[in-house]
Amino acid sequence: MSNSNHWSKEETADFSYTFLAWYEREKRTLPWRENKDPYRIWVSEIMLQQTRVDTVIPYFLNFMTLFPTIKALAEAPEDTLLKAWEGLGYYSRVRNLQKSAIQIMEDFDGKMPQTAAEISTLKGIGPYTTGAIASMAYGLPTPAVDGNVMRVVSRLFEITDDIAKPKSRKIFEETMQDIISRDNPGDFNQAMMDLGSSTCTPKNPSCNLCPVNEFCQSYEKGTVGNYPVKSKKVKAKPVYYVGMIIKNEKGEFLLEKRPTEGLLANMWTFPLFPEEMMTHEVEVPAGGLHEIASEQTQQIVLKQLQEAMTQKYQLHPTFMKRPLPEIKHIFTHLKWFIACYYGQVDQVKLTDLPENCEFVHPENFEKYTFPGPQQKMLAQYQKNIGQKK
DNA sequence: AATGCGGGGCG
DNA sequence: CGCCCAGCATT
């Protein structure tokens with residue numbers, strides 16, 4: 001965890017002085033830095049979300065020509081607006097921008113609200129953008145914590161909180177709250193972001209050129225490379241299954257016990273088959289098996305289901321034509337997608353079932369351990385089929 | 001806490 | 001070419 005006391009008053013003042021002097025010398029000339037017009041700052045900050053400065057500049061200039069005021073933005077026709085954003089991506093940003101402009105016309109008398117609390121009520125403005133506008137336009141000492149700032153601050157104070165976790169943002173906001181310049185919070189925030197993009201870069205930071213390296217704890221210790229701590233979200237690997245929900249004439253369901261080792265060991269599920277076994281002859285839509293449009297393709301899949309059931313269980317179910325909507329279940333390292341087919345069998349001959357399989361009545365399900373995916377399959381069945389007769 | 005949104009840069 | 005990036009809203 002982070003320490004809560006960072007620098008003495010003197011060190012804090014010393015840092016601000018050095019840092020702001022550097023910013024004054026080195027800051028880039030950008031169209032939205034010409035003045036402190038809150039509208040310009042707002043639009044630029046929205047455009048800069050997930051978008052590089054060089055990309056934003058021409059869009060910003062064009063946007064300001066087309067919609068020079070909040071009122072003009074609020075009244076802009078949808079197609080003109082979208083056209084002005086074309087190519088920037090994340091189009092909900094521009095829709096929210098206009099929603100907020102309308103909100104400002106109606107609730108704030110056409111003037112940008114001037115407190116952090118009010119600014120943050122606007123659509124598309126979260127914690128970062130609130131801090132950016134409040135500090136840059138109104139001189140409020142509000143942190144504006146984005147990825148750059150978390151990186152810089154984590155190195156300055158050797159903060160080990162994982163910046164990939166949403167709740168870590170709070171730690172960095174508190175740290176910024178402690179060190180932000182009360183005299184010039186807007187430039188302080190912008191200096192943080194400039195430093196992060198120019199010098200205190202993710203890879204190969206230019207510490208020897210850094211204006212504040214004498215304040216940097218990780219630089220002093222030679223541990224800059226350890227920061228920020230950022231967990232890689234190990235992408236859960238997708239695995240596709242077909243689930244068989246087989247009911248016999250006594251109302252019992254076929255359950256299968258999983259192997260004694262490995263994932264979900266010894267737990268019970270409806271039989272699961274790797275999807276490829278059913279679909280090696282067909283193309284599966286992105287949304288899963290239940291989105292197969294062609295009757296013919298469905299028939300091929302059904303035929304494969306039949307063969308699989310015969311081979312493994314000596315059962316000959318009558319299947320529904322389409323599977324239930326695909327179920328998702330996320331493990332740490334795997335993401336299961338299961339398309340369940342419901343089928344009925346007449347035969348009650350149990351002798352041919354494999355040893356790890358049983359027909360079980362729902363009354364007795366509580367005696368069996370069901371893992372998450374099985375709970376979801378069961379719920380999906382009950383929702384779609386279990387009710388109706 | 002996890003996911004979708006859309007481009008661009010990078011290996 | 002696929003992988004990763006990162007604020008915000010939504011769920």
Side-chain angles (χ1 to χ4, degrees), chain A residues 32 41-60 62-63 81-103 116-136 142-154 161-173 176 189-190 192-194 196-198 200-205 227-238 286-288 325-337 372-373 376 379:
Chain A
W32 48 89
I41 291 170
W42 172 32
V43 171
S44 70
E45 285 300 332
I46 299 298
M47 286 186 172
L48 287 164
Q49 289 168 5
Q50 280 76 49
T51 313
R52 307 171 66 79
V53 167
D54 293 333
T55 308
V56 165
I57 291 172
Y59 281 93
F60 177 82
N62 181 49
F63 199 92
L81 200 60
L82 278 172
K83 192 72 189 167
W85 209 267
E86 187 180 55
L88 262 188
Y90 283 107
Y91 297 94
S92 66
R93 289 187 297 176
V94 71
R95 296 198 182 89
N96 284 334
L97 205 53
Q98 187 177 46
K99 272 188 205 160
S100 290
I102 293 168
Q103 197 180 337
E118 287 176 323
I119 292 168
S120 68
T121 65
L122 299 172
K123 276 268 181 245
I125 298 188
Y128 164 76
T129 310
T130 298
I133 296 173
S135 64
M136 294 176 204
T142 322
V145 174
D146 69 351
N148 285 319
V149 172
M150 288 196 281
R151 184 172 61 255
V152 173
V153 171
S154 73
D161 295 73
D162 183 353
I163 68 165
K165 301 231 184 289
K167 70 172 185 178
S168 295
R169 192 177 46 81
K170 221 178 120 230
I171 304 288
F172 291 96
E173 281 176 351
M176 281 292 286
N189 279 335
Q190 293 186 81
M192 275 279 165
M193 293 182 271
D194 277 16
S197 62
S198 68
C200 197
T201 50
K203 286 180 227 168
N204 308 317
Y227 299 93
V229 173
K230 185 176 180 185
S231 64
K232 277 192 226 157
K233 34 190 155 197
V234 272
K235 250 245 190 79
K237 200 178 128 194
E326 197 167 50
I327 286 164
K328 269 185 292 189
H329 186 85
I330 300 165
F331 300 96
T332 316
H333 56 302
L334 294 175
K335 192 170 182 179
W336 279 14
F337 295 87
K376 289 179 188 172

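Each chain gets a letter, A, B and so on, in the order the sequences are listed, and its residues count up from 1. Just the heavy atoms: all of them, side chains too, but no hydrogens, waters or symmetry mates, feed the values below.
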**Request:** Under 4.0 Å between any heavy atoms, over every strand shown, what does A:Q49 touch: base, sugar-phosphate, or nothing? Just pick one.
**Result:** sugar-phosphate

**Request:** Rounded to whole angstrom, note down the P distance from B:dG8 over to C:dA9.
**Result:** 24 Å

**Request:** Using the P atom as the reference point in each nucleotide, state the distance between C:dT11 and B:dG6 in Å, no decimals.
**Result:** 15 Å

**Message:** Taking the nucleotide of DNA chain B with the nearest heavy atom to each, does A:T55 or A:K203 sit closer to the 5' end?
**Reply:** A:T55

**Item:** Per A:P166 side chain, nearest of listed nucleotides C:dA6, B:dA1, C:dC8
**Value:** B:dA1

**Request:** Using side-chain contact (heavy atoms from CB on, under 4.5 Å) as the criterion, list what pairs up with A:Y59, not counting sequence neighbours.
**Result:** A:M47, A:T55, A:L88

**Interatomic distance where NZ belongs to A:K167 and C1' belongs to C:dA6 [whole Å]** = 20 Å

**Prompt:** For A:R151 and C:dA6, what is the distance between atoms CZ and C1' respectively, to the nearest whole Å?
**Reply:** 11 Å

**Request:** Measure the distance from OH on A:Y90 to P on B:dG6 and round it to the nearest whole Å.
**Result:** 8 Å

**Between C:dC5 (P) and A:D146 (CG): distance, integer Å** = 15 Å

**Prompt:** Taking CD from A:Q50 and P from B:dG8, how many angstroms apart are they, rounded to a whole number?
**Reply:** 14 Å

**Request:** Could you tell me whether A:T129 contacts a base, only the sugar-phosphate backbone, or nothing, with contacts defined as non-hydrogen atoms closer than 4.0 Å?
**Result:** sugar-phosphate

**Prompt:** With no hydrogens and no angle check, is any side-chain donor or acceptor of A:D162 less than 3.5 Å from a backbone partner on A:S231?
**Reply:** yes

**Request:** Let me know the distance between CD of A:E45 and P of C:dG7, rounded to the nearest Å.
**Result:** 10 Å

**Asked** A:K99 near the nucleic acid: base, sugar-phosphate alone, or nothing, with a heavy-atom cut-off under 4.0 Å?
**Response** nothing

**Message:** Using a heavy-atom cut-off of 4.0 Å across all strands, would you classify A:K165 as base, sugar-phosphate, or nothing?
**Reply:** nothing

**Request:** Give one of base, sugar-phosphate or nothing for A:P202, where a contact means two heavy atoms less than 4.0 Å apart.
**Result:** nothing

**Prompt:** What is the distance from OH of A:Y91 to P of C:dG7, rounded to the nearest Å?
**Reply:** 19 Å

**Asked** When we call it a touch if two heavy atoms are under 4.0 Å apart, what does A:Y128 touch: a base, just sugar-phosphate, or nothing?
**Response** sugar-phosphate

**Message:** Measuring from atom CG of A:D146 to atom CG of A:L48, what distance do you get when rounded to the nearest 0.5 angstrom?
**Reply:** 10.0 Å

**Asked** Contact class for A:I125 (heavy atom, under 4.0 Å): base, sugar-phosphate, or nothing?
**Response** sugar-phosphate

**Asked** Which pair of heavy atoms, one from A:N204 and one from A:T201, lies closest together, and at what distance?
**Response** O-OG1, 3.5 Å

**Message:** What is the distance, to the nearest angstrom, from the CG atom on A:L97 to the C1' atom on C:dC8?
**Reply:** 13 Å

**For A:R52, salt bridge (Lys or Arg N to Asp or Glu O under 4.0 Å) partners two or more places apart** = none

